[in-house]
Amino acid sequence: QVQLVESGGGLVQAGGSLTLSCAASGSTFSNYVMGWFRQAPGKEREFVAAINWSGLTTYYAYSVEGRFSITRDNAKNTVHLQMNSLNSEDTAVYYCAADAAQSMGVRADDYDYWGQGTQVTVSS
């Protein structure tokens with residue numbers, strides 16, 4: 001069992017940056033692949049980024065490659081998503097997720113635990 005709580009969402013102007021954080025508790029955080037997903041109104045939940053247990057391997061959706069960076073700190077039980085060069089297409093509710101199987105999957109159903117989500121709105 002693991003509980004995940006996201007924070008850091010808000011309103012940002014196009015071209016700006018924002019960092020999201022996810023705090024984990026309740027289980028062995030370092031054994032999980034961690035991922036970020038997002039979902040805009042009327043759209044399917046979309047994979048954003050994933051990071052393996054050691055933090056040495058990351059994977060990004062093409063739409064955010066080069067703009068977003070996922071990191072983790074196992075000692076602090078946290079994972080972060082640094083978002084740069086934001087545009088209106090990045091507006092969504094962002095969720096962190098944990099995968100005990102460490103599959104580095106891009107499907108939402110690959111992940112076992114989810115946070116409640118945090119809203120990111122990019123204005124022009």
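From a predicted model like this one, the values you see are computed outputs, not experimental measurements.
- Put simply, the side chain of Asn52 gets close to the backbone of Leu56: a donor and an acceptor are under 3.5 Å apart.
- Put simply, Val93 and Val122 are part of two different groups of oily side chains (I, L, V, M, F, W, Y) that touch within less than 4.5 Å, one to the next.
- Grouping the Ile, Leu, Val, Met, Phe, Trp and Tyr side chains by contacts below 4.5 angstrom, directly or via other members, places Val48 with Val12.
- There is a path of hydrophobic side-chain contacts, each under 4.5 Å, that joins Ile51 to Leu4.
- Under a cut-off of 6.0 angstrom, the local environment of OH in Tyr59 is sparse, with at most 12 non-hydrogen atoms contributed by other residues, nucleotides or ligands.
- Looking at Thr118 and Leu20, their side chains come closer than 4.5 Å, going by heavy atoms from C-beta outward.
- The aromatic ring centres of Phe37 and Tyr95 sit 6.0 Å or more apart.
- Counting only N and O atoms by type, the side chains of Asn84 and Ser17 include a donor and acceptor under 3.5 Å apart.
- The distance from atom CG of Asn31 to atom CG of Asp99, rounded to the nearest 0.5 Å, is 11.5 Å.
- Taking the six-membered ring where the residue is Trp, Tyr113 and Tyr32 present perpendicular rings, their angle passing 60° and hence far from 30°.
- Hydrophobic clustering (side-chain heavy atoms under 4.5 Å, transitive across Ile, Leu, Val, Met, Phe, Trp, Tyr) groups Val64 together with Met83.
- The minimum heavy-atom distance between Ala40 and Ala92, with the atom names listed, is N-CB, 3.8 Å.
- Looking at Val120 and Asp90, their side chains never come closer than 4.5 Å, going by heavy atoms from C-beta outward.
- A donor-acceptor pair under 3.5 Å is formed between the side chain of Arg67 and the backbone N or O of Ser85.
- Heavy-atom minimum distance, Gly10 versus Leu18: N-CD2, 3.9 Å.
- The CE atom of Met34 sits 9.5 Å away from the CG atom of Asn77 when rounded to the nearest 0.5 Å.
- At a cut-off of 3.5 Å, with distance as the only test, a side-chain donor of Thr19 or Gln82 sits close to an acceptor on the other residue.
- A salt bridge between Lys43 and Glu89 is present, with a side-chain N of the basic residue lying under 4.0 Å from a carboxylate O of the acidic one.
- Distance CD/Gln1 to CG/Asp112: 10.0 Å, rounded to 0.5 Å.
- Using a 4.5 Å cut-off between side-chain heavy atoms of Ile, Leu, Val, Met, Phe, Trp and Tyr, with links allowed through other members, Trp114 and Phe47 fall into the same hydrophobic cluster.
- The two residues Ala23 and Thr78 make their nearest non-hydrogen contact at CA-CG2, 4.4 Å.
- Relative to the ring axis of Trp53, Arg72 does not place its NZ or CZ within 45° and under 6.0 Å from the centre.
- Annotation: the span from Ser124 atom OG to Gln13 atom CD amounts to 9.0 Å, rounded to 0.5 Å.
- For the residue pair Val33 and Ala50, the shortest heavy atom distance occurs at CG1-CB, 4.4 Å.
- For the residue pair Ser21/His80, the side-chain donor-acceptor check at 3.5 Å is satisfied.
- Counting heavy atoms from C-beta outward, Glu6 and Gln116 have side chains that approach closer than 4.5 Å.
- For the pair Gly26 and Gln3, the tightest heavy-atom approach, listed with the atom from each and the gap, is CA-OE1, 3.6 Å.
- For the atom pair OG1 of Thr91 and CG of Leu11, the computed distance is 8.5 Å after rounding to the nearest 0.5 Å.
- Distance OH/Tyr94 to OG/Ser7: 15.0 Å, rounded to 0.5 Å.
- Taking both residues in full, the closest heavy atoms of Leu81 and Ala49 are given as CD1-CB, 4.3 Å, listed atom of the first, atom of the second, then distance.
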